[in-house]
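The next block holds one structure in the form of structure tokens; read it before the comments.
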2 protein chains.
Amino acid sequence: MYELLLKYINEHATKPLTDNEVELVKSALLPKKLRKKQYLLQEGDVCKYFAFIVKGAMRQYSVDDKGIDHIVYLSIENWWVGDRESFVMLTPSVYNIDAWEDSELLLITRADLLNLLSQVPAIAEMARLMDERNFIAMQRRLNASISFSAEKRYGDFANSYPDFMQRFPQHIIASYLGITKETLSRVRKQISK
Amino acid sequence: MYELLLKYINEHATKPLTDNEVELVKSALLPKKLRKKQYLLQEGDVCKYFAFIVKGAMRQYSVDDKGIDHIVYLSIENWWVGDRESFVMLTPSVYNIDAWEDSELLLITRADLLNLLSQVPAIAEMARLMDERNFIAMQRRLNASISFSAEKRYGDFANSYPDFMQRFPQHIIASYLGITKETLSRVRKQISK
DNA sequence: TATAACTGTTGACATTTATCAACAGTTTTT
DNA sequence: AAAAACTGTTGATAAATGTCAACAGTTATA
């Protein structure tokens, strides 16, 4: 259960974890299985856990007045998922996070994470690296959202995340891109000509 | 020149800076004045400095094939500005950053920043806090961009950043929101009814 | 296996937003 | 003081995207 996470940490740090650190990591992370459609977090709740995805696929979304989902993040194996705003600020989340596929997660609380960050340098290093990458990905997406047409946004997405194209249906990807499923269908038709 | 930054650091850290740390900070940050329209960074260059704004207003934007600006960030006194992707990865930036008003900046290189982060705990603390806030602001903006109409995005912006409404003209704010100046003008007319 | 749910496409039409051009008032520059 | 640049508005029209409904093929479920 922990192999993938330990591998992930070692690949993102300059020095491998010691045996003792491996134990610290294992004891801080709680295994949890979710069936498709089960929630990791529901709107209005405080996000008590961040999760590393060992297996499966998750989505994070808000729901508007009309009851329409707006997907802010998609994530699969080897990604972390959680609502950072709620997790850090302890405020009720505006997002839902649920399993799109049956998934295996490793959960960590804020307290345990802070503890790990201070005790295990490799974890702090990994977290910094993740933060950088995350920031860069968000900035690109933000720039795309104000600068590019639906067609270009879709093309960029398909290039950047080929795995996601296999794992999520079009209406999910459309929502992530901020367009309707019908518009995405037409954009694809246009491109294929 | 350094007072505002030192105040900013102390307000964002649990312990005030020691005299020695104040000297470290001062020696790492290079004062620089920019006249309106002068560049801090131009597309294609690597972002060598991050800047703390002591006075003035800056904008960061990409330019598309048609020559149209798309503003990704606006910033004023007490904010940091720079292209983090380029600054960290040392890649050519896709953004321009220029002064919207005559400005006074304090510049720091990547090497000096890393040095400060490791030597001055208050700086590391401040950086973490800034990162969190930044992340939260970006996530909200991202969610808004895929979920809300131009009208709601404008309303949220006006509420969140009243200062910016005073400092930047409408066509700049329109660009930041991902709409044209004409659409913003019409949205405002609509709201005022 | 029958039924329901999910996924993707298409057509007709509505709404939102962009584009282009013109104009007026203001501010900046010469 | 005159000219130029900037800012904001408006009208006419075009383009992009959304909405609603229908349909077919697939997949999941009772």
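Only a predicted model underlies this, so the values are computations on that prediction, with no experimental measurement involved. By convention in this document, chain letters (A, B, ...) are assigned in the order of the sequence lines, proteins followed by strands, and residues within each chain are numbered from 1.
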| field | Length of the line joining A/L184:CG and D/dA16:P, which is rounded to integer Å | value | 16 Å
| Once you round it to whole Å, what is the distance between C1' of C/dT19 and CG of B/D64? | 14 Å
| said: When you measure from the centre of the six-membered ring of A/F87, is the NZ or CZ of A/R84 closer than 6.0 Å and no more than 45° off the axis? | reply: no
| request: In whole angstrom, give the distance that lies between atom CZ of A/R35 and atom C1' of D/dT29. | output: 14 Å
| said: Please determine whether any donor N or O and acceptor N or O are separated by less than 3.5 Å between the side chain of A/R186 and the base of C/dG8. | reply: no
| remark: Per atom distances to the B/P169 side chain, the nearest of C/dT10, D/dT7, C/dA18 is D/dT7
| If you round to the nearest 0.5 Å, how far is CG of B/D112 from CG of B/L29? | 8.0 Å
| query | Would one find a side-chain N or O of A/Q170 under 4.0 angstrom from OP1 or OP2 of C/dT9? | reply | yes
| Of the nucleotides D/dT10, D/dT19, C/dT19, which one has an atom closest to the side chain of B/S185? | D/dT10
| message | Quick check on D/dG8: is either OP1 or OP2 less than 4.0 Å from any side-chain nitrogen or oxygen of B/K189? | response | no
| said: For B/R167, I'd like to know if atom CZ has over 12 heavy atoms of other residues, nucleotides or ligands within 6.0 Å. | reply: yes
| query | Taking atom P of C/dT17 as reference, at what distance in whole Å does atom CG of B/L177 sit? | reply | 11 Å
| request: Kindly say if B/T180 contacts the phosphate of C/dA18, meaning a side-chain N or O under 4.0 Å from OP1 or OP2. | output: yes
| Taking A/E21 for the side chain and A/T18 for the main chain, is one N or O donor matched with an acceptor at less than 3.5 Å? | yes
| said: Given 3.5 Å as the limit, does a donor-acceptor pair link the side chain of A/S175 with the main chain of A/I172, or not? | reply: no
| message | Expressed as a whole number of angstroms, how long is the span from A/H171:NE2 to D/dT19:P? | response | 16 Å
| request: Remember a base hit wins even if backbone is also touched, and classify A/K66 as base, sugar-phosphate or nothing at under 4.0 Å, heavy atoms. | output: sugar-phosphate
| note | In whole angstroms, the gap separating P of D/dT17 from CD1 of B/I146 amounts to 15 Å
| message | Please pick, from C/dT9, C/dT19, C/dA18, the nucleotide with the shortest atom-to-atom distance to any side-chain atom of B/T183. | response | C/dA18
| field | Rounded distance in Å - NZ (A/K181) to P (D/dT19) | value | 10 Å
| note | On DNA chain C, more 5' by nearest nucleotide between B/E182 and B/V187 is B/V187
| Protein-nucleotide distance (B/K152, atom NZ; C/dT16, atom P), rounded to Å | 16 Å
| Is any side-chain nitrogen or oxygen of A/K37 closer than 4.0 Å to OP1 or OP2 of D/dT29? | no
